[in-house]
Amino acid sequence: MKLGLAHQEICNVVDGQLLQHNKGSVDVVVYDTRIITTDRHGVFFALQGKKDGHDFVEDAYKKGVRCFVLSRSHNLPPDATVILVKDTLKALQSLAKYHRNQFSYPVLAITGSLGKTMIKEWLYFLIKDDYDVIRSPKSFNSQIGVALSLLEMDETHNFAIIEADISKPDEMDSLEEMISPTMGIFTGVGKYYSENFNSEKEHFAEHLKLFKHTNVTFALKDEHSALRRNKINAALTAVEEWEKFSIHDKPFPGNRALALFVARYLGVDERVLKTKVDQLPILPNRMEVFEGQNHNLIINDTYNIDIDALEQSLEYQFASTERKIRVVVLDLSFVSKPRIKQIKELVNRYNPDHFFIIENDRIPEELKQIRNASILFKGSYRSNLHQHVALFKNRKHETWVEFDLKAIKFNIDYLQSLTPKNTKTLVMVKASSYGTGDVNIPHFLQQTGIDYLGVAYTDEGTTLRENGISLPIMVMNTEKNAFEDLTKFCLEPSIYSLDQLREFCDHLKKENLVNYPIHLTFETGMNRLGFDSDEIPDLINFILNQPEIRIQSVYSHLADADNPNTEYTENQIAVFNTIRQQILRLLSPDNAKNIIFHLLNSEGVLKFGQKAAFDMVRLGIGVFGYASISKNLKPCLKWKTTVSQIKHLKPGETVSYGRTFRAEKEMRTATLRIGYADGFRRSLSNGRGKVYINGKYCPVIGTVCMDMTMVDISEVTCQEGDEVEIIGDHISMEEFAKDLNTIPYEIMTSINKRVSRIYLKP
């Protein structure tokens with residue numbers, strides 16, 4: 001926000017009275033003293049809501065504000081400008097309207113009760129490469145939120161998307177006057193209108209006031225009657241019209257159709273839309289899925305208790321196979337009695353194993369005892385249910401990792417596109433799926449239609465089987481003492497020596513098992529595990545005389561696939577191809593026809609996907625978006641924590657153990673809820689590491705502690721509880737790994753299990 005208005009101009013715009021005046025200019029509007037920074041010129045609007053802004057005027061002055069818009073007089077030092085108005089909210093809205101009118105580019109307004117924020121974010125994602133877009137932050141759609149959103153408009157943008165909402169009659173007029181939209185999107189109001197309206201017709205009409213002057217308003221064809229009745233110039237679409245975009249089997253298909261419809265109207269190429277539709281971002285608290293306590297899978301959908309949204313959540317929960325037991329938990333605190341009856345009838349149609357309704361803001365003891373279930377939490381954002389959901393996380397630790405499953409699916413599709421059409425895909429999920437989680441990621445991978453999973457050890461495979469994974473699973477390191485579990489859970493061993501093979505055959509004989517699939521690993525240059533090529537004749541002769549086993553696959557490992565110099569890798573490919581030809585010559589066509597040969601890892605696929613894919617490729621960390629040579633992969637991981645406490649240091653004061661950091665001037669520090677026990681290593685101490693908070697990079701100061709880390713926030717506006725990025729949009733995995741002189745593999749697998757895992761699903 002950079003308004004560039006003189007104090008006198010502010011007074012004129014809001015039609016105020018100058019009680020005292022000093023020359024100065026205003027760049028930003030503030031109404032909450034907790035987020036005031038002294039490095040920019042601000043005007044403080046004393047808004048009156050749950051708290052009266054006039055009670056915080058002195059605090060705003062102490063933090064550097066020198067221009068005030070008040071509705072009652074206040075004693076302030078003579079260097080302050082005080083503007084008196086009848087209503088500070090209306091004054092703020094007048095300023096927003098004035099500012100909006102300085103720009104002639106299109107302003108698209110969104111209203112309705114079915115997914116405004118979702119459509120706003122999806123449309124932004126679809127058009128951001130074609131337009132410089134300013135959009136409402138988060139769900140800023142109230143009388144205050146809309147004003148603040150409009151004040152963010154500036155000359156660097158050429159398109160605006162503004163979200164607007166109402167909760168009672170006669171609210172939309174002031175929003176429409178502020179926004180003056182040239183285009184609109186109407187999402188509809190669902191099956192049930194707000195209790196504050198006398199009828200569905202009245203509810204529709206209030207929303208549609210926003211579009212009385214728009215050139216065109218976009219909506220689904222279901223809304224045709226309401227738009228026609230209110231004389232709105234509409235462009236309509238239907239979900240069925242977007243069949244080739246495969247949106248029908250995904251949540252919120254109507255919202256997807258609307259976002260695609262508007263993006264295409266705005267000129268985005270249809271080929272681009274087809275690429276982007278599978279990458280649409282997930283919004284927090286909309287179908288947020290994470291591992292909970294007692295091995296439960298938590299589905300956090302606590303944004304609203306709208307019946308249409310509830311039905312979508314139930315469809316998702318009951319379509320998933322990740323847990324057999326289904327539990328539904330509702331908070332109906334802000335729901336009318338007639339609607340409560342309808343909600344209960346809807347849930348009972350799905351027949352969950354357990355159905356709880358939160359009463360008196362208390363979690364039932366029985367719910368706390370449930371294990372190995374999927375638990376759907378649904379309630380109004382006004383309730384405390386979202387706080388209760390946090391208690392069900394694996395650990396009450398405000399450091400977490402988010403995994404974007406859409407990005408994982410995109411990466412798999414992209415890597416597969418680099419190989420011949422019928423090439424099979426194995427995804428490695430060893431080491432808890434590279435630290436992403438023991439069960440959730442494999443379940444998701446199984447749903448994507450891959451052919452195989454790979455694990456390092458037998459116990460990793462048994463965990464997958466015990467949690468419903470039915471895909472074939474290859475075990476890379478097969479231990480003799482694990483043979484019993486291996487066959488009990490139908491896991492397929494990797495065999496690397498004749499002695500190991502003989503021992504496994506002896507076990508199969510004792511179990512009376514025949515034709516058991518095995519995977520043969522060969523040495524081509526890794527010099528780790530595997531048969532040598534000169535052992536092939538004896539090996540094949542042994543196998544042909546053992547009815548207990550059959551060759552399922554033959555493979556090897558690339559040792560240097562990420563090296564720009566491909567000579568070594570090309571030599572490995574040639575050696576492996578020779579091994580393949582030797583084996584095929586020694587086998588009959590019947591014995592050889594179903595053997596799967598595979599060599600390439602993710603890096604190998606990126607370089608040699610067409611040349612050396614053979615019958616299958618083994619994807620590893622590339623699935624999660626990390627590879628040295630491709631910018632087309634999408635990182636799936638974001639690691640975050642929060643600010644625990646803020647301190648002010650004086651010159652000479654020291655920080656943390658060993659007093660290794662000494663303040664040279666006055667400064668502010670933040671203590672973060674993360675330390676080396678979480679995987680944020682001690683070697684990141686004293687400036688080696690950094691984090692990202694509210695638009696600024698903040699260096700680590702002092703020594704990283706086991707559970708806490710201190711950073712310099714002298715140049716940052718933040719408060720306790722604010723979110724902190726460790727790895728994400730501004731600090732990449734590669735950059736973080738470089739600071740630690742290591743690789744993304746090690747970072748991902750070293751994030752401690754006490755750090756909560758959250759899985760973002762479409």
Student: Are the aromatic rings of Phe204 and Phe186 close, with centres under 6.0 Å apart?
Tutor: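 Between Phe204 and Phe186, the centre distance is under 6.0 Å.
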
Student: Determine whether Val85 and Asp15 make a side-chain contact, defined as any pair of heavy atoms from C-beta on separated by less than 4.5 Å.
Tutor: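 Contact flag for Val85/Asp15 side chains = no.
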
Student: Run the side-chain hydrogen bond (donor to acceptor under 3.5 Å, both in side chains) test against Thr111 and tell me which residues pass, sequence neighbours left out.
Tutor: His207

Student: Taking the side chain as every heavy atom from C-beta outward, state whether Ile185 and Leu123 have any pair of such atoms under 4.5 Å apart.
Tutor: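 Yes; the side chains approach each other to less than 4.5 Å.
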
Student: Would you tell me whether Glu240 and Trp242 have side-chain atoms, one donor and one acceptor, within less than 3.5 Å of each other?
Tutor: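 Side chains of Glu240 and Trp242: no pair found under 3.5 Å.
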
Student: Do side-chain atoms of Lys344 reach the backbone of Ile340 as a donor and acceptor pair under 3.5 angstrom?
Tutor: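 Here the side-chain-to-backbone pair does not exist.
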
Student: Using modelled atom types only, decide if a donor and an acceptor are shared between the side chain of Glu152 and the backbone of Ser136 within a distance under 3.5 Å.
Tutor: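 No; judged by distance alone, with no hydrogens or angles, the pair does not exist.
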
Student: Would you name the heavy atoms of Val14 and Ala91 that are closest together and state the gap between them?
Tutor: CG1-O, 3.4 Å

Student: Using side-chain contact (heavy atoms from CB on, under 4.5 Å) as the criterion, point out the one residue from Leu108, Thr217, Thr214 that pairs with Met183.
Tutor: Leu108

Student: Compare every heavy atom of Leu92 with every heavy atom of Ala147, then report the nearest pair and how far apart it is.
Tutor: CB-CG, 4.0 Å

Student: With sequence neighbours excluded, tell me which residues meet side chain to side chain contact (heavy atoms under 4.5 Å, CB included) with Thr182.
Tutor: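 Thr182 satisfies side chain to side chain contact (heavy atoms under 4.5 Å, CB included) with Arg100, Pro106, Asn215 only.
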
Student: I'd like to know if Lys209 and Glu176 make a salt bridge, using a cut-off of under 4.0 Å between side-chain N and carboxylate O.
Tutor: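 Judged by the 4.0 Å cut-off on N to carboxylate O distance, Lys209 and Glu176 do not form a salt bridge.
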
Student: With a 4.5 Å cut-off on side-chain heavy atoms, are Asn694 and Thr717 touching?
Tutor: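 No; the side chains remain at least 4.5 Å from each other.
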
Student: Can you list every pair that meets ring-ring contact (aromatic ring centres under 6.0 Å, His included) and has a residue in residues 215-234, with sequence neighbours left out?
Tutor: Phe218-Phe261, Phe218-Tyr265

Student: According to salt bridge (charged side-chain N to carboxylate O under 4.0 Å, His left out), who are the partners of Arg326, at least two apart in sequence or on a separate chain?
Tutor: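 Here no residue qualifies.
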
Student: Kindly write out the residues that satisfy side chain to side chain contact (heavy atoms under 4.5 Å, CB included) with Asn296, not counting sequence neighbours, or none if the list is empty.
Tutor: Asn294, Ile298, Ile370, Ala373, Ile375

Student: To check you understand the geometry: which heavy-atom pair defines the closest contact between Thr156 and Asp132, and what is its length?
Tutor: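 Taking every non-hydrogen atom into account, O-CB, 3.5 Å.
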
Student: Can you name the side chain to side chain contact (heavy atoms under 4.5 Å, CB included) partners of Arg72, sequence neighbours left out?
Tutor: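 Arg72 satisfies side chain to side chain contact (heavy atoms under 4.5 Å, CB included) with Gln48, Asp52, His54, Asp55 only.
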
Student: Taking side chain as C-beta onward, heavy atoms only, is Val28 less than 4.5 Å from Leu3?
Tutor: no

Student: Tell me whether Lys97 contacts the main-chain N or O of Glu177 through its side chain, where contact means a donor paired with an acceptor under 3.5 Å.
Tutor: no

Student: Determine whether the aromatic ring centres of residues Tyr105 and Tyr131 are separated by less than 6.0 angstrom.
Tutor: no

Student: Only pairs at least two apart or in different chains count here, so list each ring-ring contact (aromatic ring centres under 6.0 Å, His included) that has a residue in residues 337-362.
Tutor: Phe318-Tyr350

Student: Excluding sequence neighbours, so at least two apart, what forms side-chain hydrogen bond (donor to acceptor under 3.5 Å, both in side chains) with Asp729?
Tutor: Lys638

Student: Given ring-ring contact (aromatic ring centres under 6.0 Å, His included), test Phe44 with Phe56 step by step and report yes or no.
Tutor: CA-CA 10 Å; Phe44 180 76; Phe56 300 91; 8.0 Å; no

Student: Atom CD1 in Ile127, atom CG in Leu266: separation rounded to 0.5 Å?
Tutor: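 Between Ile127 CD1 and Leu266 CG, I get 5.5 Å after rounding to 0.5 Å.
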
Student: Just by distance, do the side chain of Glu725 and the backbone of His730 share a donor-acceptor pair under 3.5 Å?
Tutor: yes

Student: Could you tell me whether a side-chain N or O of Glu206 sits under 3.5 Å from a main-chain N or O of Asp170, the two making a donor and an acceptor?
Tutor: yes

Student: Given side chains that start at C-beta, do those of Thr642 and Asp722 come closer than 4.5 Å, heavy atoms only?
Tutor: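 Not touching, per the 4.5 Å side-chain cut-off.
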
Student: Looking only at side-chain N and O atoms, does Ser149 offer a donor or acceptor that is under 3.5 Å from a partner on Glu163?
Tutor: no

Student: Under the criterion ring-ring contact (aromatic ring centres under 6.0 Å, His included), I'd like the reasoning laid out for Phe45 against Phe68: C-alpha separation, chi angles, the key distance, then a yes or no.
Tutor: CA-CA 6 Å; Phe45 280 76; Phe68 298 84; over 10 Å; no

Student: Quick one: list whatever passes side-chain hydrogen bond (donor to acceptor under 3.5 Å, both in side chains) with Asn12, sequence neighbours left out.
Tutor: Gln8

Student: Taking Gln317 for its side chain and Val327 for its backbone only, find out whether a donor-acceptor pair lies under 3.5 Å.
Tutor: yes

Student: Does any non-hydrogen side-chain atom of Leu150 lie less than 4.5 Å from one of Ile179?
Tutor: yes

Student: Looking at Glu121 and Arg135, is any side-chain nitrogen of the basic one under 4.0 Å from a carboxylate oxygen of the acidic one?
Tutor: yes

Student: When you compare the side chain of Lys244 with that of Glu270, does any pair of heavy atoms fall below 4.5 Å?
Tutor: yes

Student: Where is the tightest heavy-atom contact between Leu220 and Ala257, given as atom of each residue plus distance?
Tutor: CD2-CB, 4.4 Å

Student: Listed by chain and number, what are the salt bridge (charged side-chain N to carboxylate O under 4.0 Å, His left out) partners of Glu202, not counting sequence neighbours?
Tutor: none

Student: Under the 3.5 angstrom rule, does the side chain of Asn230 hit a backbone N or O of Leu227 as a donor-acceptor pair?
Tutor: no

Student: Find out whether Val329 and Leu367 are in side-chain contact, i.e. whether some heavy atom of one side chain is under 4.5 Å from a heavy atom of the other.
Tutor: yes

Student: Excluding sequence neighbours, so at least two apart, what forms side chain to side chain contact (heavy atoms under 4.5 Å, CB included) with Asn411?
Tutor: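 Once residues adjacent in sequence are excluded, the partners of Asn411 under the side chain to side chain contact (heavy atoms under 4.5 Å, CB included) criterion are Leu633, Lys634.
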
Student: Strictly distance-based, threshold 3.5 Å: is any side-chain N or O of Glu171 a donor or acceptor partner for the main-chain N or O of Lys168?
Tutor: yes

Student: Could Lys274 and Asp269 be called an ion pair, given the rule that one side-chain N must be under 4.0 Å from one carboxylate O?
Tutor: no

Student: Please identify each residue that fulfils side-chain hydrogen bond (donor to acceptor under 3.5 Å, both in side chains) with Asp353, with sequence neighbours left out.
Tutor: none

Student: If I take atom CD1 from residue Ile10 and atom CG from residue Leu95, how far apart are they, to the nearest 0.5 angstrom?
Tutor: 5.0 Å

Student: Hey, is the main chain of Ala46 close enough, under 3.5 Å, to the side chain of Thr88 for a donor-acceptor pair?
Tutor: yes

